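Have a look at the structure below, then the notes.
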2 protein chains.
Amino acid sequence: MTAIKENSTLNENRKSSQASCPVSFVMNKIGGHWKPIILYHLLSGTKRYSELKKLIPAITEKMLIQHLKQMQEDNLVIREAQNVVPPHVTYSLSKEGEQLRIVLDAMVEWAFAQDFKIDEN
Amino acid sequence: MTAIKENSTLNENRKSSQASCPVSFVMNKIGGHWKPIILYHLLSGTKRYSELKKLIPAITEKMLIQHLKQMQEDNLVIREAQNVVPPHVTYSLSKEGEQLRIVLDAMVEWAFAQDFKIDEN
DNA sequence: TACTTTTATACAAGTACTTACCCCAAAGTA
DNA sequence: TACTTTGGGGTAAGTACTTGTATAAAAGTA
């Protein structure tokens, strides 16, 4: 799933900055454009894969599943699958993921303090 | 400075998600690996360009100047230059940048609530 | 004269991230 | 039989992000 070159300068830099900067540590977990959006939607409760897809129309399935998987590995979200056909899989926030609420809320507040306006389209 | 293709799907997606998700709006301003680190260091006060470079040894000058410039355009940081040679330039947080303190603090708290440990090297 | 200092800029090359498109399972339904 | 449903996997190509290296100005210093 998208191989990463272990010894690239980029990757080394990433690791070292992550080690010395807590903010960078967080960004490595929830950075990128889709993760925070996914987390944001999970804040309101457990969702099925297909529900997330509907809530975030612009995301490709590839991206959705990739980020869910990464966040699952980072213990931010919990994946639960029922062994049925067609599949039934739900995603929810883990305890650690749930604790991100404070961070995400702070972001939302800041956004609105700037001249951010919701544009429902 | 690093041209961006205006009509790429990526860019369109970015804009639309930014418009409907406040968290994404924030990530577009402080996302990436270096911006939060730079902001973090500016939280403790005005810094010269060269001071920032010393505080963040791993960053290349290119990245430092590029991100400072972007954040300046986003009104997060203020650049003040004295017209002397050699140049003397300082960077500080704007009001909006200063307001990010809450967000950054929340991140720091979360990081330490996970098993994050500072590694000074 | 030659080198240092400070704050940059420009271009090429490497790396990561994102999209686009095609494929699959197995049960239920038309 | 053929199609739908749900939750994915795989590959290639496009786009963005980062690094690396070279270059500059103008005054001060060795």
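Chain letters run A, B, ... following the sequence lines, proteins first, then strands; residues in each count from 1. Remember, it's a predicted structure, so these values are computed and weren't measured experimentally.
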OP1 or OP2 of C:dT7 under 4.0 Å from side-chain N/O of B:R48: yes
With B:Q99 via side chain to side chain donor-acceptor pair (under 3.5 Å) - residues at least two apart: A:Q114
Would you give the length of the straight line joining atom CH2 of A:W110 to atom NZ of B:K29, rounded to the nearest 0.5 angstrom? 5.5 Å
Can you identify which nucleotide, out of D:dG7, C:dT19, D:dT19, has its nearest atom closest to the A:Y49 side chain? D:dG7
Out of D:dT19, C:dT9, C:dT7, whichever nucleotide has its closest atom nearest the side chain of B:R79: C:dT7
A:K47 atom NZ is separated from D:dT6 atom C1', nearest whole Å, by 18 Å
Specify the closest pair of heavy atoms between A:I30 and A:P36, including all atoms of both residues, with the distance to one decimal. O-CD, 3.2 Å
Of B:Y91 and A:M63, the one whose closest nucleotide on DNA chain C sits nearer the 5' end is B:Y91
Measure the distance from NZ on A:K69 to C1' on C:dC17 and round it to the nearest whole Å. 17 Å
Rounded to whole Å, how long is the line connecting atom CD of B:E80 with atom P of C:dT7? 14 Å
Just to confirm, is there a sub-4.0 Å distance from OP1 or OP2 of D:dG7 to any side-chain nitrogen or oxygen of A:S50? yes
For A:Q72, enumerate each residue passing the side chain to side chain donor-acceptor pair (under 3.5 Å) test, keeping only those at least two apart in sequence or located in another chain. none
Can you tell which of C:dT18, D:dG9, C:dT7 lies closest to the side chain of A:I65? D:dG9
Atom NE2 of B:H88 and atom P of C:dT4 are separated, to the nearest Å, by 23 Å
Measure from CD on A:Q66 to C1' on D:dG10 and round the result to the nearest Å. 12 Å
Atom CG of B:L64 to atom P of D:dG20: distance rounded to whole Å? 15 Å
Looking only at C:dT18, D:dG7, C:dT9, the nucleotide nearest the A:W34 side chain is C:dT18
For B:K5, side chain to side chain donor-acceptor pair (under 3.5 Å) partners two or more places apart: none
State which of D:dG9, C:dT18, C:dT7 makes the closest approach to the side chain of B:E61. C:dT7
Give B:K53 one of three labels, base, sugar-phosphate or nothing, depending on what nucleic acid heavy atoms sit under 4.0 Å from its own. base
Check whether any side-chain N or O of A:H67 sits under 4.0 Å from OP1 or OP2 of C:dT18, and answer yes or no. yes
Roughly how many Å is it from CG in B:L52 to P in C:dT6, rounded to a whole number? 14 Å
Interface polar pairs with nucleotides 20-28 of chain C, N/O, under 3.5 angstrom:
residue, atom, partner, partner atom, Å
C:dA20, OP1, B:T9, OG1, 3.1

Euclidean distance, atom CD1 of residue B:I56 to atom C1' of D:dT18 [Å, nearest integer]: 15 Å
Contacts of B:L93 meeting side-chain contact (heavy atoms from CB on, under 4.5 Å) (sequence neighbours excluded), chain-then-number -> B:L39, B:L42, B:L43, B:V77, B:E98
Nearest heavy-atom neighbours spanning A:C21 and B:F116: C-CZ, 4.0 Å
Who passes side chain to side chain donor-acceptor pair (under 3.5 Å) against B:E96, sequence neighbours left out? none
